[in-house]
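Notes follow once the structure below has been shown.
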Amino acid sequence: MKVALCFIISYEHILNKEEIWKEWIEPNKDIINVYFYYKDLKKIKSDWIMNHTIPPECIYETSYFHVIPAYLSLMNFAMKHDINNQWFSILTDSCCPIISPRKFRYLFYNYYNKSILSWKKAWWNVDYHKRANLALLPEEFRLANDPWFVMKRENVLQCLHFANVQQKTMQTICSGGLANESLFAIIMYANRQLKDGVVCAVSHTTDWSRRTSSTSPHLFKEGNETDIQFINKSLEIDKYVMFIRKVAPEFPDTLLREYIYKKSKEADDKLIVAMPFSFIILKIKKCVYFSLY
């Protein structure tokens, strides 16, 4: 089984924390595939990103309000590229890992048969705000979800199937804008997955209490005391958190590495005890021990 890290990049076509990502992926490279969706291939300067881009024929016109084609194209390509992809994590250029490689491996092997998607009833006035055109849908389908999540293979197949056979409904939802904040909860509800197949939890911690605009969360830039307090609290109470957004290029790498490799060390040592024996990977070849650190 593998995890597909599915990045949607635009504007500068970079990862704000590319080096952190490469370091973090390396210990788990046996279970991770990386994919990039972009707007303009010519803007990509990183060889690492270029080596993981999906083909140009899989790229469609998108915008901030209409990004569903990027989601579906990434999912579809990753599904076909490696049949072992079991988890599909949707990420942006400003996302960054915030847990250790060992904890990520633990979460994957223990929850690979679940999607991790925070969802709830739409909190806005659907008759006034046209996002996802929820007013045109039956009451029970007026749902909202975090736009960045982790989804299991079965649920990805259901999303792709829904997009193919429910084209009129897809058009209605997507034409309202910001469909990525409702569509996936709607599809999971239609497939009776919200209770059994989905863990309703945050996988990408985000600070909405300090918005940079009405539609954009806080940008972690300074690594100040308020930032640290928020991250500490999230890691304490959000059991399934793996990533953090939005992280600026200026955010201290030292602080990120502190969280990824040092702060979680004691807790991670306990994870290996709880991990199913069949999933503990000890690669012994010529007396070489494979470590997650």
For a side chain to side chain contact (heavy atoms under 4.5 Å, CB included) check, start with the C-alpha distance between Phe104 and Ile32, then their side-chain angles and the critical distance, and finish with the verdict.
CA-CA 11 Å; Phe104 180 77; Ile32 289 178; 4.1 Å; yes
Give the cluster check for Leu219 versus Val202: same hydrophobic cluster or not, with ILVMFWY residues linked at side-chain heavy-atom distances below 4.5 Å.
no
side-chain contact (heavy atoms from CB on, under 4.5 Å) with Ile173: of Leu134, Ile68, Leu136, Leu137, only one passes, and it is Leu137
Hydrogens and angles aside, do Tyr111 and Lys239 bring a side-chain donor and acceptor to less than 3.5 Å of each other?
yes
Side-chain contact test, heavy atoms from C-beta onward, threshold under 4.5 Å: evaluate it for Phe149 versus Ile90 and give yes or no.
yes
Please give me the minimum heavy-atom distance between Arg245 and Pro217, naming the atom from each residue.
NH1-CG, 4.0 Å
Cluster check Trp123, Val126: I/L/V/M/F/W/Y, side chain < 4.5 angstrom
yes
Would you confirm whether Asn51, through its side chain, and Asp47, through its main-chain N or O, come within 3.5 Å as a donor-acceptor pair?
yes
Which pair of non-hydrogen atoms, one from Ser203 and one from Val150, has the smallest distance, and what is that distance?
OG-N, 3.9 Å
Please tabulate, one pair per line, all N/O donor-acceptor pairs under 3.5 Å involving side-chain atoms of residues 227-238, not counting sequence neighbours.
residue, atom, partner, partner atom, Å
Asp227, OD1, Arg210, NH1, 3.2
Asp227, OD1, Arg210, NH2, 2.8
Asp227, OD1, His218, NE2, 2.9
Asp227, OD2, Gly223, N, 3.0
Asp227, OD2, Asn224, N, 3.4
Asn232, OD1, Tyr259, OH, 2.7
Asn232, ND2, Ile228, O, 3.3
Ser234, OG, Thr205, OG1, 2.7
Ser234, OG, Asp238, OD2, 2.9

Side-chain touch Asn76/Lys80, heavy atoms, less than 4.5 angstrom
yes
Atom CD of Glu258: over 12 foreign heavy atoms under 6.0 Å
yes
What heavy-atom pair brings Ser216 and Trp208 nearest, and what distance separates the two atoms?
C-CZ3, 3.7 Å
Are Ile20 and Ile260 close enough, and set up right, to give a side chain to side chain contact (heavy atoms under 4.5 Å, CB included), and what steps lead you there?
CA-CA 10 Å; Ile20 295 287; Ile260 294 171; 3.9 Å; yes
Basic-acidic side-chain contact under 4.0 Å: Glu18, Lys22
yes
Starting at CG of Asn84, measure out to NZ of Lys2 and round the result to the nearest 0.5 Å.
6.0 Å
Do any N or O atoms from the side chain of Ser10 and from the backbone of Lys39 form a donor-acceptor pair under 3.5 angstrom?
no
Using a 4.5 Å cut-off on heavy atoms from C-beta on, say whether the side chain of Leu157 contacts that of His161.
no
Are Phe108 and Trp87 an aromatic pair by the rule of ring centers under 6.0 Å?
yes
So CG of Asp40 and OH of Tyr11: to nearest 0.5 Å the spacing works out to 14.0 Å
Quick one: side chains of residues 178-191, donor-acceptor pairs under 3.5 Å with protein atoms, not counting sequence neighbours, listed by atom name and distance.
residue, atom, partner, partner atom, Å
Asn180, ND2, Tyr71, OH, 3.1
Glu181, OE1, Arg131, NH2, 2.3
Ser182, OG, Leu143, O, 2.7
Asn191, ND2, Ile187, O, 2.9

Does any non-hydrogen side-chain atom of Asn164 lie less than 4.5 Å from one of Met170?
no
Tell me whether Leu41 shares a hydrophobic cluster with Ile14, the cluster being built from Ile, Leu, Val, Met, Phe, Trp, Tyr side chains joined at under 4.5 Å.
no
For Ile49, is there any backbone N or O sitting under 3.5 Å from a side-chain donor or acceptor partner on Thr53?
no
Is the backbone of Cys200 close enough, under 3.5 Å, to the side chain of Ser118 for a donor and an acceptor to pair up by distance?
no
Check the orientation of His81 and Tyr35. Use parallel for under 30°, tilted for 30 to 60°, and perpendicular for over 60°.
perpendicular
Assigning hydrophobic clusters by single linkage (Ile, Leu, Val, Met, Phe, Trp, Tyr; side-chain heavy-atom cutoff under 4.5 Å), is Phe65 placed with Tyr60?
no
State whether the side chain of Gln86 and the backbone N or O of Tyr112 hold a donor-acceptor pair below 3.5 Å, judged by distance alone.
yes
For Glu57, look at atom CD and say whether over 12 heavy atoms of other residues, nucleotides or ligands are found less than 6.0 Å away.
yes
For Leu256 and Pro97, work out which heavy atoms get closest and say how close.
CD2-O, 4.4 Å
Say whether, by atom type as modelled, one donor and one acceptor occur between the side chain of Thr92 and the main chain of Ile8 under 3.5 angstrom.
no
To the closest 0.5 Å, what do you measure between CD (Glu154) and CG (Asn113)?
9.5 Å
State, with a plain yes or no, whether a side-chain heavy atom of Leu255 is found less than 4.5 Å away from one of Phe220.
no
Would you mind reporting whether Asn16 and Phe251 have side-chain heavy atoms less than 4.5 Å apart?
no
Say whether, by atom type as modelled, one donor and one acceptor occur between the side chain of Asp207 and the main chain of Ser209 under 3.5 angstrom.
yes
Are Leu160 and Met79 packed together at the side-chain level, in the sense that at least one heavy-atom pair is separated by less than 4.5 angstrom?
yes
Between Val156 and Asn85, is the side chain to side chain contact (heavy atoms under 4.5 Å, CB included) condition met? List the steps.
CA-CA 11 Å; Val156 169; Asn85 283 333; over 6 Å; no
For Asp30 and Arg105, run side chain to side chain contact (heavy atoms under 4.5 Å, CB included): C-alpha distance rounded to whole Å, both residues' side-chain angles, the deciding distance at 0.1 Å, then the answer.
CA-CA 11 Å; Asp30 61 315; Arg105 196 179 190 98; 2.8 Å; yes
Side-chain donor/acceptor of Lys121 to backbone N/O of Phe141, under 3.5 Å:
no
Which word best sums up how the rings of His13 and Tyr38 line up, parallel for under 30°, tilted for 30 to 60°, or perpendicular for over 60°?
tilted
Euclidean distance, Lys152 NZ relative to Gln193 CD, rounded to 0.5 Å
5.0 Å
For His204 and Cys95 the tightest heavy-atom approach is CD2-SG, 4.0 Å
Measuring only between side-chain heavy atoms, which start at C-beta, is Asn155 closer than 4.5 Å to Leu117?
no
If you look at every heavy atom in Lys17 and Glu250, which pair is closest and at what distance?
NZ-C, 4.4 Å
